[in-house]
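Worksheet for the structure shown next.
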Amino acid sequence: KGAGLNPNAKVWQEIPQG
Amino acid sequence: QGPLTATMLSSASPEEQKEMLGERLFPLVRSIQPTKASKITGMLLELDNSELLHMLESPESLRSMVDEAIGVLQAHQAEE
């Protein structure tokens, strides 16, 4: 289970709009 | 803002493609799992873009993948 999901993946950061 | 399509992605660089997908995915992930949404979105973005496009269109698929990501995270944290 969870193949392909990496717990050490980079955290997503929202780019501020504008 | 309509749905994101493979055609829209194909005009962007690989990095921009993940950016576009992340912008769409993050609010959806956050509505399912508010506390770890940034981490889970990062994990999901490592999957194939075609799979991510499918998840954007299928709340059920997205939810099950988010659940799976939470499980992977918890198992990882338990190991540490």
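Per chain, numbering begins at 1; letters A, B, ... match sequence-line order.
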Can you give me the closest heavy-atom contact between A9(A) and M43(B), atom names plus distance? CB-CA, 3.6 Å

Can you tell me how far apart CG (N6(A)) and CG (L44(B)) are? Round to the nearest 0.5 Å. 11.5 Å

Quick check: do W12(A) and E23(B) have side-chain heavy atoms less than 4.5 Å from each other? yes

M8(B) reachable from L25(B) in the ILVMFWY side-chain graph, under 4.5 Å edges: yes

Chain A contact via K18(B) - side chain, backbone, both or neither, heavy atoms under 4.5 Å: backbone

Side chain, backbone, both or neither of E19(B) within contact of chain A (heavy atoms, under 4.5 Å): both

Could you check whether any side-chain heavy atom of L5(A) comes within less than 4.5 Å of a side-chain heavy atom of L47(B), counting everything from C-beta outward? yes

For Q77(B), is the CD atom crowded, meaning more than 12 foreign heavy atoms sit under 6.0 Å from it? yes

Does R63(B), at its CZ atom, have more than 12 non-hydrogen atoms belonging to other residues, nucleotides or ligands within less than 6.0 Å? no

Could you please spell out the steps behind the side chain to side chain contact (heavy atoms under 4.5 Å, CB included) verdict for K10(A) and L45(B)? CA-CA 9 Å; K10(A) 209 169 73 176; L45(B) 283 173; over 6 Å; no

